[in-house]
Amino acid sequence: MDIEFVTENQKRINKLLSQYEKITRKLLDCDVDDILILTEKRKGISQEITKLDNQIRNECSETPKALEAYLNKCDRSELTDDLKQVFDLRQEFNGIAFGISSMDPEIIERINLIRDDLVLKIKKNNSGQNAKAAKYAKAGMSDGSNFFVPENKKLI
């Protein structure tokens, strides 16, 4: 197993996850128009993290203790110094990931509130005498004929 490969890629993952965290924080109070852009950025970072994670798991697959260190599924005191570094880097990752996971419910709630508010605005705009859709539906009917659905057309 190439310990340098594992540690360097875990450092990259941690940097990517820090970027992901910053974008996640922005989602808590960004402009509505930026939500899609930010979620797409998060998706791209997530895909890169998954790719690197798979490479690390593959590298560690033939060394069970290395895989345990990478997954934090062992006692740190039983590890060599090299594997302790892997363990510690993964602990850093877990800390960042926990912080992100605590923000996600707030973001989902915010997006749902925005959606509900927009639905209410749409309903309000499409009801009553001032409704945009109602104006179009009534157009051409002032003389009693139905402009949009001609009733007197012969079938061919």
Side-chain angles (χ1 to χ4, degrees), residues 1-61 63-64 66-76 79 82-142 146-149:
M1 181 192 76
D2 183 353
I3 195 74
E4 187 175 324
F5 174 84
V6 173
T7 56
E8 288 305 312
N9 280 319
Q10 184 59 52
K11 287 177 184 176
R12 286 186 193 132
I13 287 173
N14 290 356
K15 285 180 184 176
L16 287 168
L17 195 62
S18 291
Q19 292 174 0
Y20 188 96
E21 179 184 33
K22 288 177 186 173
I23 292 169
T24 301
R25 287 190 190 286
K26 289 180 182 179
L27 281 168
L28 290 169
D29 59 4
C30 67
D31 189 57
V32 173
D33 296 331
D34 294 334
I35 290 174
L36 183 60
I37 295 166
L38 293 173
T39 54
E40 287 297 321
K41 285 182 181 180
R42 276 184 15 151
K43 181 181 176 184
I45 291 171
S46 178
Q47 290 172 338
E48 184 65 25
I49 288 172
T50 300
K51 180 179 136 190
L52 291 170
D53 177 64
N54 289 336
Q55 291 174 359
I56 293 171
R57 287 174 189 260
N58 188 46
E59 184 66 28
C60 294
S61 65
T63 312
L67 187 58
E68 287 179 9
Y70 177 67
L71 298 175
N72 283 170
K73 297 209 179 237
C74 61
D75 186 353
R76 185 181 184 279
L79 300 173
D82 287 343
L83 291 180
K84 283 181 181 177
Q85 184 180 8
V86 171
F87 186 94
D88 293 344
L89 286 168
R90 192 60 180 193
Q91 282 286 71
E92 181 183 330
F93 170 88
N94 291 338
I96 298 168
F98 179 77
I100 292 168
S101 68
S102 68
M103 286 186 270
D104 278 346
E106 291 179 59
I107 293 167
I108 292 168
E109 182 180 342
R110 178 175 185 247
I111 290 171
N112 286 336
L113 288 172
I114 291 169
R115 181 202 60 214
D116 294 346
D117 185 50
L118 289 173
V119 168
L120 285 174
K121 287 179 182 178
I122 290 168
K123 286 180 179 179
K124 183 178 178 181
N125 282 338
N126 287 327
S127 65
Q129 292 295 334
N130 296 327
K132 310 289 187 271
K135 287 181 183 178
Y136 291 108
K138 293 179 182 175
M141 297 176 126
S142 60
N146 188 337
F147 179 77
F148 293 107
V149 185

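Sequential numbering from 1 along the given sequence is applied to the chain's residues.
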Legend entry - Side-chain heavy-atom pair D82, M1 within 4.5 angstrom cut-off: no
Inset, instruction - State the CZ-SG distance between R110 and C30, to the nearest 0.5 angstrom. - result: 4.5 Å
Legend entry - Pairwise side-chain contact, I45 with L17, heavy-atom cut-off 4.5 Å (strictly under): no
Inset, instruction - Evaluate the side-chain proximity of L83 to T63: yes if any heavy-atom separation is below 4.5 Å, no if none is. - result: no
Inset, instruction - Verify, without hydrogens or angle tests, whether E59 (side chain) and D2 (backbone) share a donor-acceptor contact under 3.5 angstrom. - result: yes
Inset, instruction - Rounded to the nearest 0.5 Å, what's the gap from CD1 on I49 to NZ on K15? Could you check? - result: 13.5 Å
Legend entry - Reported CG-to-CZ distance for the pair L71 and R57, which is rounded to 0.5 angstrom: 5.0 Å
Legend entry - Cation-pi check, R90 onto F87 ring (under 6.0 Å, within 45° of axis): no
Inset, instruction - Write down the atom of A69, the atom of V86, and the distance for their closest heavy-atom approach. - result: C-CG1, 4.2 Å
Inset, instruction - Look at the side chain of S61 and the backbone N and O of N58, then say whether any donor-acceptor pair between them is shorter than 3.5 Å. - result: yes
Inset, instruction - Flag the pair I107 / I35 as yes when at least one side-chain heavy-atom distance between them is below 4.5 Å, and no otherwise. - result: no
Legend entry - Nearest-0.5 Å distance that lies between atom CG in L27 and atom CG in L38: 5.0 Å
Legend entry - Under 3.5 Å donor-acceptor, T7 side chain and E4 backbone: yes
Inset, instruction - Run through K84, E68, Q85 and flag the one making a side chain to side chain contact (heavy atoms under 4.5 Å, CB included) with L79. - result: K84
Legend entry - Donor-acceptor pair, side chain of T24 and main chain of Y20, under 3.5 angstrom: yes
Legend entry - Distance in Å, L89 CG paired with Y70 OH, rounded so as to fall on 0.5 Å steps: 10.0 Å
Legend entry - Test item: N94 and Q91 side chains (from C-beta on) under 4.5 Å apart, heavy atoms: yes
Legend entry - Lys/Arg-Asp/Glu bridge criterion (N-O < 4.0 Å) met for D104, R42: yes
Inset, instruction - Working to the nearest 0.5 Å, report the span between CZ of R25 and CD of E106. - result: 10.0 Å
Legend entry - Polar side-chain atom of N9 near backbone of Q55 as donor-acceptor pair, under 3.5 Å: no
